[in-house]
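Down below is the structure, laid out as structure tokens.
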Amino acid sequence: MTGSEAPRRRRLRRLARRASVIVAAVVAALTVASFSYNLATGPAPRPPGLRMLSAGGFDTRYRTWGTSGSPVVLVPGAFETADTFDALGTALGTDHRVFAIDLTGTGYSTPSPPFTASHLADQLVAFMAAEGLTGADAPVIVGHSSGAAVVGIAALRGRNVVAGVMFLDGDAIGLGGAPSLLGWLLVDPYRTTILRLGLSSSWLIRTIYNTQCGPGCPPLTPAGVETWRQPLQQPGYESAAAYTIRHGIPSMTTAEFSQLRANAVPKRVVSGIHDSQISAADAAETASRIGAPPPAAVPGRHLTMISSPQQVAAAIRAFIRSTGHP
């Protein structure tokens with residue numbers, strides 16, 4: 001070692017120590033700031049006047065439209081609630097009894113982990129049983145986006161559970177691969193802070209809505225932004241979001257797809273013509289995978305129940321008639 005190398009290495013070691021001290025100080029400051037922000041914000045209170053039903057160990061928030069006709073149960077996808085179906089429920093409720101639920105972990109239903117597709121299907125089946133929607137009064141169940149996996153699994157729970165299953169803008173397939181590395185690195189308190197900061201941005205909520213819904217959807221008013229934001233600020237949502245980040249959206253297994261295909265329950269697939277998440281080829285493959293006829297297409301992107309409620313309602317009515325129900 002030359003005489004000049006020893007001082008250089010000592011300087012490098014000193015710089016490394018200083019850098020580690022600075023990094024530790026920054027991490028500590030961010031952690032304190034994150035904890036402080038989380039304590040200052042906190043979950044939002046549940047609005048008064050919600051309709052709740054306790055059954056099967058679940059406290060499920062739900063909405064209804066219509067008082068006559070055969071029943072239909074609408075199941076939301078990720079980041080969605082029963083309120084997402086307001087336009088569709090209104091359109092379909094003129095001649096059907098329509099129900100929509102908040103899945104546990106998202107919206108106003110009481111959180112009940114784990115947030116697997118099978119567990120969510122248990123919630124759906126328990127709700128239908130408590131409402132008397134079984135046997136001759138079994139409903140057609142419509143799952144939007146990741147809700148398709150929930151209704152697909154619910155149809156496998158036994159005979160006379162459902163009259164038919166519709167996948168709306170969903171294929172019940174996960175996003176693929178092992179759990180995201182980001183999901184394991186994004187830990188509390190930072191995860192909660194990032195989620196709450198995202199939800200605090202009206203611009204971000206409007207941007208996601210406009211991208212997913214398209215020009216056929218009504219623009220979000222300030223009240224509309226709150227309709228999307230407030231359900232995601234409820235206690236327990238961060239846990240559900242963390243589960244999704246780590247394990248992916250609810251999906252069906254290969255074995256469950258095979259069982260659904262072999263099941264005699266009627267099935268349909270409906271998707272938006274311009275849905276970037278479910279192409280026409282994807283919809284056709286999904287229909288084949290579950291043993292359904294060729295899929296139907298309606299105007300819109302991914303949120304067709306908002307952009308095209310009348311067309312989606314017509315597709316549901318046509319499906320119901322094909323099952324022999326009025």
Side-chain angles (χ1 to χ4, degrees), residues 51-76 82 85-86 88-104 109 117-144 147-168 170 172 252 256-270 287 290-293 295-296 305 309-310 312-326:
R51 302 185 71 174
M52 304 291 295
L53 184 148
S54 296
F58 298 93
D59 292 322
T60 299
R61 182 261 180 144
Y62 69 102
R63 292 187 61 183
T64 63
W65 299 265
T67 58
S68 62
S70 57
V72 179
V73 179
L74 308 174
V75 179
F85 294 110
D86 184 59
L88 176 59
T90 300
L92 194 58
T94 57
D95 53 355
H96 288 279
R97 288 174 290 142
V98 184
F99 303 80
I101 68 172
D102 287 2
L103 291 173
T104 179
S109 292
S118 180
H119 191 61
L120 299 177
D122 289 340
Q123 179 192 8
L124 172 60
V125 172
F127 172 82
M128 294 189 297
E131 282 289 327
L133 304 177
T134 59
D137 206 29
V140 161
I141 53 178
V142 180
H144 181 257
V150 179
V151 300
I153 295 173
L156 304 177
R157 289 293 192 253
R159 298 184 62 182
N160 299 320
V161 174
V162 300
V165 177
M166 177 179 286
F167 285 16
L168 177 63
M252 295 175 64
E256 288 166 339
F257 274 118
S258 298
Q259 293 170 32
L260 183 58
R261 180 180 176 83
N263 196 304
V265 65
K267 308 126 190 167
R268 287 293 187 277
V269 174
V270 177
I290 67 174
M305 66 283 202
Q310 295 292 343
V312 174
I316 295 173
R317 289 189 181 99
F319 178 40
I320 292 173
R321 289 194 296 270
S322 75
T323 67
H325 287 70

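The chain is numbered in sequence order, starting from 1.
- Residues Tyr62 and Thr64 are in side-chain contact: their nearest non-hydrogen atoms beyond the backbone lie under 4.5 Å apart.
- Minimum interatomic distance between Pro266 and Ala163 (heavy atoms only, all atoms of both residues): CD-O, 3.3 Å.
- Expressed to the nearest 0.5 Å, how far CD1 of Ile101 lies from CZ of Arg51 amounts to 14.0 Å.
- Scanning both residues, Phe85 and Met305, for their nearest heavy atoms gives CD2-CG, 3.9 Å.
- At least one side-chain heavy atom of Leu260 sits under 4.5 Å from a side-chain heavy atom of Leu156.
- Scored by the side-chain hydrogen bond (donor to acceptor under 3.5 Å, both in side chains) test, Thr90 finds no partners at all (sequence neighbours excluded).
- Legend: residues meeting side-chain contact (heavy atoms from CB on, under 4.5 Å) with Ala287, ordered by chain and number and at least two apart, are Val269, Ala292, Pro295.
- Residues that satisfy the side-chain hydrogen bond (donor to acceptor under 3.5 Å, both in side chains) test with Asp137, not counting sequence neighbours, are Arg97.
- Evaluation of the side-chain contact (heavy atoms from CB on, under 4.5 Å) rule for Gln310 yields Ala91 as partners, not counting sequence neighbours.
- Minimum heavy-atom separation, Arg63 to Ala82: CG-CB, 4.1 Å.
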In sequence, state the C-alpha distance, the side-chain angles, and the governing distance for Thr134 and Asn160, and then conclude on side-chain contact (heavy atoms from CB on, under 4.5 Å). CA-CA 6 Å; Thr134 59; Asn160 299 320; over 6 Å; no
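- Remark: Ser258 pairs with no residue by the side-chain contact (heavy atoms from CB on, under 4.5 Å) rule, at least two apart or across chains.
- Scanning both residues, Pro71 and Phe99, for their nearest heavy atoms gives CB-CE1, 4.3 Å.
- Formation of a donor-acceptor pair under 3.5 Å by the His144 side chain with backbone atoms of Pro76 is not found in this model.
- The side-chain contact (heavy atoms from CB on, under 4.5 Å) test with Val142 singles out one residue from Val165, Leu88, Leu168, and that residue is Leu168.
- Residues Val270 and Ala315 come closest through the heavy atom pair CG2-CB, 4.2 Å.
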Contacts under 3.5 angstrom, residues 119-133 side chains, donor-acceptor by atom type, not counting sequence neighbours:
from	atom 1	to	atom 2	distance (Å)
His119	NE2	Ser112	O	2.8
His119	NE2	Ser112	OG	3.2
Asp122	OD1	Arg157	NE	3.1
Asp122	OD1	Arg157	NH2	2.8
Gln123	OE1	Thr104	N	2.9
Gln123	NE2	Thr60	OG1	3.0
Gln123	NE2	Asp102	O	3.1

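- In terms of the side-chain hydrogen bond (donor to acceptor under 3.5 Å, both in side chains) criterion, Asn263 has no residue partners (sequence neighbours excluded).
- The shortest heavy-atom contact between Arg61 and Ser109 is N-OG, 2.9 Å.
- Here Arg321 pairs with Arg317, Ala318 under the side-chain contact (heavy atoms from CB on, under 4.5 Å) rule; sequence neighbours left out.
- How far CZ of Phe58 is from CE of Met52: 12.5 Å, rounded to the nearest 0.5 Å.
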